[in-house]
Amino acid sequence: MQYPAHQIESKWRTWWETKKLYRTPDRVKGKKNFYHLVMFPYPSGDLHIGHWFNFAPADIWARWKRRQGQFNVLSPIGFDAFGLPAENAAIKGKLHPRVWTMQNIERMREQLKSMGAIYDLSREVVTCDPEYYRWNQWIFLQLFKPGLAYRAPVAANWCPQCKTVLANEQVVDGACDRCGASVVQKHVTQWLFKITAYADRLLQGLGELDWPEKTKAMQRNWIGKSEGAIIAFPIAKFGSVIAGPSAWLGVNSAKQSRNQQEIAARPSGARNDEHSIEVFTTRADTLFGATYIVLAPEHPLVDALTSAKHKPAVERYLNAARRKTELERLAETKEKTGVFTGAYAINPVSGRKIPIWISDYVLASYGTGAIMAVPAHDERDFAFAKTMKLPVVEVVSPDAKPHSRPSRAYMDDGILVRSDRFSGMSSADGRRHIVDSLAKEGLAKVTVQYRLRDWIISRQRYWGTPIPVIYCRKCWEIQSQNKPKAPNTKLRAGIDYTVFQGKEYVIHSVPEHDLPVLLPDIRDFKPTGAGTSPLARSKKFVSANCPKCGGPAKRETDTMDTFVDSSWYYVRYADSHNNKRFADPEKVAAWLPVNMYIGGAEHSVLHLLYSRFFTKALFDLGHLKFQEPFRALRHQGFVLGEDNYKMSKSRGNVVSPDELVHRYGTDVVRLYLAFMGDWSKGGPWSSKGIEGMARFVRRLWDFFAQAKFSELELSAELRRLEHETVKKVGADIAGFQFNTAVSSLMVFFSRLQIEPAREAVKVFVQLLAPFAPHLAEELWQVVLKERGSVHESPWPKYSKRTLQTGTVTIVVQVDGKVRERLTLPAGATERQALEAAWQSPKVVRYVTPETLRKSVFVPKRLLSLVRKQS
RNA sequence: GCCGGGGUGCUGAAAUUGGCAGACAGGGUGGACUUAAAAUCCGCUGAGCGUAAGCUCGUGUGGGUUCGAAUCCCACCCCCGGCACCA
């Protein structure tokens with residue numbers, strides 16, 4: 001008989017909807033709340049097979065969890081609705097981004113429904129809705145108050161195609177992760193979130209999380225903590241030494257953290273003065289081998305240090321460096337280029353005069369923007385020294401003996417040589433002692449550096465959340481009039497005021513009661529390309545009244561990175577439609593943190609890191625009571641095309657879930673996605689494979705249509721298989737091994753065809769329900785005539801005792817080789833197994849009680865017999 | 001280079017974590033049904049030897065531990081993902 005998939009599926013979906021089966025109240029008596037979440041989709045217009053591979057197995061898991069009885073499971077869904085594609089499509093198709101986005105959402109809602117998931121749709125979140133982004137703005141203002149949001153001039157990644165600035169995390173191999181265009185560095189003033197202030201806590205917090213090790217490692221890597229020291233090299237300016245203690249190293253820690261804040265704001269992280277250059281190193285043990293200094297091209301001392309004679313060459317070099325794209329810089333890691341400044345510094349331990357060079361192999365944004373070069377012990381310095389013919393001095397030796405003319409850099413630890421009174425020490429001791437001794441003179445300081453940089457959130461695009469800030473020139477004038485001579489020593493750049501075209505403006509928050517700052521309807525939302533967003537074209541939007549002095553002022557026109565939206569949407573699901581606060585604290589407490597989060601691994605250092613930062617910041621500000629948003633995390637793999645390549649329109653290997661649902665029905669697609677292979681790995685699609693699943697479901701359907709179920713007691717074998725299947729399917733779903741769960745259902749079903757005992761059939765349908773919810777409901781209510789939804793029936797139980805009943809096959813090995821299989825009761829002891837073994841001609845051919853040296857017995861599994869050596 | 005994950009039939013993959021290697025599927029092949037095809041159903045399907053019972057080999061390579069290794073240890077090769085001029 002034909003399997004009427006569509007008829008069944010729409011029937012039961014309607015029924016579930018009318019019964020409000022999947023509405024999730026905030027509290028259910030006697031149950032514990034369990035927050036199960038999938039990463040919300042971007043409304044691109046179509047739910048693709050990758051979404052299905054994420055959502056459908058996640059739904060299997062949620063349905064299983066719900067059936068355990070003691071959990072009130074929340075499984076919400078929404079749309080990450082701001083972002084570039086809407087704009088780009090709109091620019092092409094002349095549709096307003098809002099219209100484009102909302103139409104897509106409309107369509108995807110229906111596609112999501114066709115999946116038959118247990119989403120509580122009443123909690124839907126759409127980030128481009130003012131009801132939602134109002135709270136983006138509110139959170140921005142909370143971060144702004146303590147200076148966690150600030151405006152600063154930065155060397156930012158600029159995508160010339162998208163005409164906007166990008167976060168570090170959004171640049172992949174020097175290219176824009178949206179459009180693939182090569183990214184260039186642009187010096188602009190932008191809004192940033194101070195994620196670096198949380199570097200250490202973001203690192204520490206990883207320990208307690210039930211996340212894939214890989215993802216944690218990626219975050220650790222990205223944060224990139226390295227412990228070392230900052231060492232000051234006095235400048236020997238044009239021959240004459242101006243020595244003295246470092247300006248920065250002596251300051252106390254309170255000032256220091258403020259200093260760091262400003263450092264993050266500056267394109268170079270350098271903190272130097274006219275007397276010394278500070279470098280960061282993890283290898284202070286190699287200090288005696290530092291034969292020159294290298295500054296990043298953007299280093300603030302470049303100008304002051306360059307001698308008149310060297311000025312033209314330096315200018316030429318700096319210009320060339322500026323023109324290079326990120327990609328070009330990455331491509332030239334082998335060949336080193338650079339230029340001499342004409343200036344010298346003093347190696348603080350050896351007292352030697354060493355030259356100061358400029359090269360773009362030193363990054364302005366890491367450490368102090370300057371390095372001590374130790375060519376004998378660093379590959380890059382070695383290459384540079386060779387090219388520029390600079391001296392190479394070995395100071396760490398693998399065998400404690402000095403060698404001359406090394407042919408390559410020796411990077412490992414060793415024993416110090418040519419290092420004065422430190423010679424003979426191990427590298428580890430050397431590092432400590434050298435830093436200690438310099439610290440006493442104020443020339444060194446133990447420091448930790450992070451690779452992580454602050455998150456640039458300004459975007460010069462239309463379709464995003466307006467940044468709720470107003471700039472007032474009048475307020476600045478009032479302030480500076482009060483203190484004409486020493487203007488505003490207390491005002492902090494980027495927090496209290498900012499600069500536009502050489503003029504200072506005071507930064508004001510938009511008052512909270514004026515939120516949301518609505519994204520205005522404008523006609524031309526093409527990016528300007530001039531470093532401003534299209535909103536800057538709207539005079540109506542730009543002009544505002546200053547919230548402080550009431551005078552004419554101007555609004556910020558950049559919008560927020562859409563990753564801001566997704567950094568807290570999971571909190572909003574707890575209370576999606578609250579218009580008084582971002583979420584009611586009681587409801588947040590009822591649901592958060594998320595217990596199980598499921599989505600792609602591609603967000604490992606973007607969304608997943610940003611969300612952790614938001615949570616910690618909002619915790620510090622007293623708005624959240626937990627510090628980690630996602631207790632457990634699982635990633636699905638990638639579904640590839642049938643040809644084993646990534647699905648793409650140009651390859652023509654894309655499979656459309658809509659078509660699959662049309663042809664086979666939802667449940668077949670769900671079952672096949674579960675069965676395909678290792679869910680966490682993903683793999684190639686197989687059109688033959690899903691045919692096979694359709695065959696299985698048809699067989700199932702025919703069986704239920706025709707079988708007469710027996711009311712007889714189950715045979716011992718069937719009973720044990722039933723219990724084994726209950727155990728296996730439960731454990732497999734729990735461990736995201738959906739493929740083996742389906743396979744054991746298939747095994748169970750084969751046996752039911754031989755022995756269609758009603759009691760076991762019932763259990764089968766209950767186990768099938770999370771995978772094929774519609775089919776199982778039909779079989780449960782219509783065929784088996786059970787009352788109520790199968791999805792509300794408790795998950796079947798198994799007993800350990802039943803697992804021990806019946807007979808088992810015990811393998812007999814002689815000297816490690818399988819020689820016989822014995823069928824014995826499951827509870828058989830070693831003695832019984834041995835007795836049976838001696839009855840077997842196949843065994844006694846190889847070993848007898850007389851020649852037996854020892855035996856090893858594993859209950860239910862094997863008997864291993866070892867012969868005496870002859 | 002560093003970090004993470006892998007390498008098992010023709011293919012997707014299993015293997016209760018040291019205990020029957022290849023479950024469950026796909027594909028192939030033989031057969032039943034059919035005038036025929038499709039669909040369906042039933043066998044067989046890691047390699048080699050053997051009429052057969054059975055034997056030998058077999059989880060990237062080489063070695064080791066063990067009664068017993070896909071699983072643990074050592075060395076190496078290869079593939080995928082991430083990071084990378086981060087001092």
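All values below were derived from every heavy atom in this structure, side-chain atoms included, with hydrogens, water molecules and symmetry-related copies excluded. Sequence lines set the chain letters: A, B, ... in the order given, protein chains first and strands last, and positions in each chain run from 1.
Atom CD of A/Gln753 and atom C1' of B/U40 are 13 Å apart (whole Å). Atom NE2 in A/His377 sits about 19 Å away from atom C1' in B/C85, given to the nearest Å. Atom pair A/Lys214:NZ and B/G82:P shows a separation of 7 Å (rounding to whole Å applied). Atom CE of A/Met372 and atom P of B/C85 are 20 Å apart (whole Å). Remark: C1' of B/C85 and CZ of A/Phe280 are 15 Å apart, rounded to the nearest angstrom. In this structure, A/Leu673 atom CG and B/G12 atom P are separated by 18 Å, rounded to whole Å. Atom C1' of nucleotide B/C67 and atom CG of A/Leu834 are separated by 13 Å, given to the nearest angstrom. Here B/G82 presents its C1' atom at 17 Å from NZ of A/Lys216, a figure rounded to the nearest Å.
When the options A/His723, A/Glu724, A/Glu717 are evaluated for a side-chain hydrogen bond (donor to acceptor under 3.5 Å, both in side chains) with A/Arg720, the one that passes is A/Glu724.
Spacing of P atoms, B/G81 relative to B/C72, comes out at 24 Å, to the nearest Å. B/G6 sits 13 Å from B/U59 when the C1' atoms are compared, rounded to a whole Å.
Counting any heavy atom pair closer than 4.0 Å across all strands shown, A/Tyr846 reaches sugar-phosphate atoms only and no base atom. Looking at heavy-atom distances under 4.0 Å, A/Thr215 makes no contact with the nucleic acid at all.
Using the six-membered ring where Trp is involved, A/Trp455 and A/Tyr610 have ring planes that are parallel, under 30° apart on the 30 and 60° scheme. Classified by interplanar angle (parallel below 30°, tilted 30° to 60°, perpendicular above 60°), the ring pair A/Trp679/A/Phe736 is parallel.
Distances were taken from every side-chain heavy atom of A/Val866 (C-beta onward) to each of B/A87, B/C57, B/C67; the shortest belongs to B/C67. Closest contact between the side chain of A/Met218 and the listed nucleotides B/A87, B/G82, B/A84 involves B/G82. Here the side chain of A/Lys688 is nearest to one of B/A87, B/C85, B/G27, namely B/G27. Taking the side chain of A/Trp222 as heavy atoms from C-beta on, and the options B/C83, B/U40, B/C57, the nearest nucleotide is B/C83. Which of B/C83, B/C55, B/C57 sits closest to the side chain of A/Lys817 comes down to B/C57.
The glycosidic torsion of B/G9 lies within 90° of 0, which places this base in the syn conformation. Taking syn as a glycosidic angle within 90° of 0, B/U51 does not qualify and is anti.
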Practice item. Scan nucleotides 13-25 of chain B nucleotide by nucleotide, 5' to 3', and note B when protein non-hydrogen atoms come under 4.0 Å of the base, S if they reach only the sugar-phosphate, - if neither. Key: SS-B--BBS-BBS
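Projected onto RNA chain B by closest heavy-atom contact, A/Lys842 and A/Arg283 fall at different nucleotides, the more 5' of which corresponds to A/Lys842. Heavy-atom nearest nucleotides on RNA chain B were determined for A/Val605 and for A/Thr281, and the one closer to the 5' end corresponds to A/Val605.
Under 3.5 Å, the side chain of A/Lys336 and the base of B/C85 form at least one donor-acceptor pair of N or O atoms.
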**Study point:** Trace of the side chain to side chain contact (heavy atoms under 4.5 Å, CB included) decision for A/Ser604 with A/Trp222
**Key:** CA-CA 10 Å; A/Ser604 299; A/Trp222 189 260; over 6 Å; no
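Under 4.0 Å is where a charged nitrogen must lie from a carboxylate oxygen, and between A/Asp285 and A/Arg283 at least one such pair does.
Expressed to the nearest 0.5 Å, how far CZ of A/Phe764 lies from CG of A/Leu745 amounts to 5.5 Å.
In this structure, A/Phe696 has its ring center no closer than 6.0 Å to that of A/Phe675. In this structure, A/Tyr664 has its ring center no closer than 6.0 Å to that of A/Tyr672.
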